[in-house]
Protein chains: 2
Amino acid sequence: MTSESVAETIINTADRLYYERGITAVGMAELRDAAGVSLRRLYSEFPAKDAIVRAVLEKRHRQWSDGVEARMAEVGGSRERLLAVYDYLADWFCEDSFRGCGFINAFGELGGEDAEVRRIVREHKESFQRRLAEIVDDLGAPTLLAAQLALLAEGAQTTAAIAGSGEAAGQARAAAEVLIDHALSAA
Amino acid sequence: MTSESVAETIINTADRLYYERGITAVGMAELRDAAGVSLRRLYSEFPAKDAIVRAVLEKRHRQWSDGVEARMAEVGGSRERLLAVYDYLADWFCEDSFRGCGFINAFGELGGEDAEVRRIVREHKESFQRRLAEIVDDLGAPTLLAAQLALLAEGAQTTAAIAGSGEAAGQARAAAEVLIDHALSAA
DNA sequence: CAGCAGCGAGAACGATCGTTCTCGCATCTG
DNA sequence: CAGATGCGAGAACGATCGTTCTCGCTGCTG
């Protein structure tokens with residue numbers, strides 16, 4: 001396999017810097033230094049900073065989807081697959097670099113000005129909700145449950161980031177169990 | 001009663017602009033124009049932009065606390081007081097100007113760089129959780145429930161902002177009912 | 001070897017940032 | 001009336017932003 005392309009290096013470096021410190025706080029000069037490329041090369045790979053931001057968000061979307069999907073594939077049964085989401089969150093929250101959901105952060109920072117960022121963030125969250133809805137449907141539970149499980153996951157991400165502790169994942173998981181079992185017993 | 005002071009005008013204007021468009025996106029010149037004061041006056045009331053940001057967050061914290069508290073006072077019983085939080089959210093989400101939780105947005109935008117913002121945001125969220133914990137305690141339910149109800153509220157705020165719809169409030173309320181009743185039946 | 005295309009280093013550009021300074025007018029004090 | 005004070009308007013400052021341009025080296029092709 002070939003080593004990563006220049007564009008990938010740029011995206012990975014930008015992702016790390018933007019996530020750590022915020023998008024507007026990281027200038028193109030800093031990105032150039034950290035990625036070890038020339039400014040000329042930066043602008044030959046991407047037309048502008050906006051394009052890098054979009055590429056970073058799209059890469060992050062694939063990573064999240066793949067990560068959640070892999071975690072869900074490890075267990076059997078729809079109920080366990082739903083709960084696997086919170087186990088995935090628990091691992092993520094433990095990472096030193098964890099600083100909340102990159103999409104929520106980008107939305108808070110740029111969502112007021114940049115309609116394209118709004119669109120990407122919204123699509124990311126909708127796709128997660130759709131995936132949950134599929135599994136909830138397999139369970140035979142109402143779609144409302146999928147939305148509620150998503151609320152728990154979103155709340156856990158922001159709470160873990162702000163509180164600086166990962167305990168929200170376990171709390172969300174326990175709440176999810178109650179909601180799932182209640183939905184099943186009502187069906 | 002006297003009309004609002006210059007400092008209050010500045011804070012209220014800054015709050016609106018920062019919330020609508022993001023903090024870094026709003027410069028001091030724009031704030032001066034919108035508040036109708038001179039730049040000189042801006043810097044005589046506040047030593048720097050950071051101080052305005054902090055003042056805005058602190059005002060927002062009082063507004064949130066007072067608003068939730070007033071809403072909870074309208075109903076009787078601990079269970080209804082807890083659920084009143086989500087009714088408060090539902091009203092808020094319907095406002096045209098709603099763009100998510102200002103603290104979460106500020107955290108996403110500045111939390112990576114500004115430790116003071118981190119502290120204020122964390123304190124705000126902790127104070128909300130403490131208030132929930134008091135009422136949960138009155139109910140005789142375990143403290144875990146308070147954390148879970150907070151997760152639902154946080155998740156509803158970000159989801160409503162990103163999706164651009166207020167339905168998350170009702171979904172969170174329904175989930176809260178299930179969690180509360182489950183906690184009570186187990187006690 | 002001559003000529004050319006590609007690219008890195010970094011200067012340069014115009015815009016805008018937060019912040020400070022200058023100037024001139026208005027209002028008060030004696 | 002003379003002088004001082006306070007403040008608004010806005011120019012000025014240095015820094016930094018995103019972006020483009022220049023220059024000079026490197027390695028290819030004929």
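In the text below, chain A, chain B and the rest are named by the order of the sequence lines, each starting its count at 1.
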Chemist: Mind calculating the distance between CZ (A:Arg21) and P (D:dT16) to the nearest angstrom?
Modeler: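 So the two atoms are 13 Å apart, to the nearest Å.
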Chemist: By nearest heavy atom, map A:Arg40 and A:Ala29 onto DNA chain D; which one lands nearer the 5' end?
Modeler: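 Residue closer to the 5' terminus by nearest nucleotide: A:Ala29.
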Chemist: Nearest whole angstrom, please: distance from the P of D:dG18 to the CG of A:Asp33.
Modeler: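 Computing the A:Asp33:CG to D:dG18:P distance gives 13 Å.
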Chemist: Would you indicate what A:Val26 reaches in the nucleic acid, counting non-hydrogen atoms under 4.0 angstrom: base, sugar-phosphate, or nothing?
Modeler: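 Sugar-phosphate, no base atom in range.
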Chemist: How close or far is atom P of C:dT16 from atom NZ of A:Lys49, stated in whole angstroms?
Modeler: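 Computing the A:Lys49:NZ to C:dT16:P distance gives 16 Å.
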Chemist: Using a strict 4.0 Å threshold on nitrogen-to-oxygen distance, state whether B:Arg41 and B:Glu45 make a salt bridge.
Modeler: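 Salt bridge flag = yes for B:Glu45 with B:Arg41.
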Chemist: How many whole angstroms separate atom CZ of A:Phe46 from atom C1' of D:dT19?
Modeler: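 For the pair A:Phe46 CZ and D:dT19 C1', the rounded distance is 16 Å.
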Chemist: Expressed in angstrom and rounded to an integer, what is the separation of A:Tyr18 atom OH from D:dG18 atom C1'?
Modeler: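 Atom-to-atom, A:Tyr18 to D:dG18, this comes out as 10 Å.
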Chemist: The side chain of A:Ser38 is closest to which nucleotide in this list: C:dT19, D:dT19, C:dA9?
Modeler: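 Per side-chain heavy atoms of A:Ser38, the pick is C:dA9.
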Chemist: Calculate the interatomic distance between A:Arg41 atom CZ and D:dT26 atom P; express it in whole Å.
Modeler: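 The distance from CZ of A:Arg41 to P of D:dT26 comes to 18 Å, rounded to the nearest Å.
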Chemist: Which nucleotide wins on minimum distance to the side chain of B:Met28, given the candidates C:dT20, D:dT19, C:dG18?
Modeler: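 Ranking C:dT20, D:dT19, C:dG18 by closest atom to the B:Met28 side chain puts C:dG18 first.
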Chemist: Given A:Glu134 and A:Arg130, is the salt bridge (charged side-chain N to carboxylate O under 4.0 Å, His left out) satisfied, shown in steps?
Modeler: CA-CA 6 Å; A:Glu134 284 178 19; A:Arg130 275 196 303 273; over 6 Å; no
Chemist: When you get a sec, tell me which of C:dT20, C:dG8, D:dA9 is the closest nucleotide to the side chain of B:Tyr43?
Modeler: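 Closest nucleotide to the B:Tyr43 side chain: C:dT20.
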Chemist: To the nearest angstrom, how far is B:Leu31 atom CG from C:dT16 atom P?
Modeler: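 That distance rounds to 18 Å.
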Chemist: CG of A:Leu39 versus P of D:dT16: gap in Å, rounded?
Modeler: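 In whole Å, D:dT16 P and A:Leu39 CG are 16 Å from each other.
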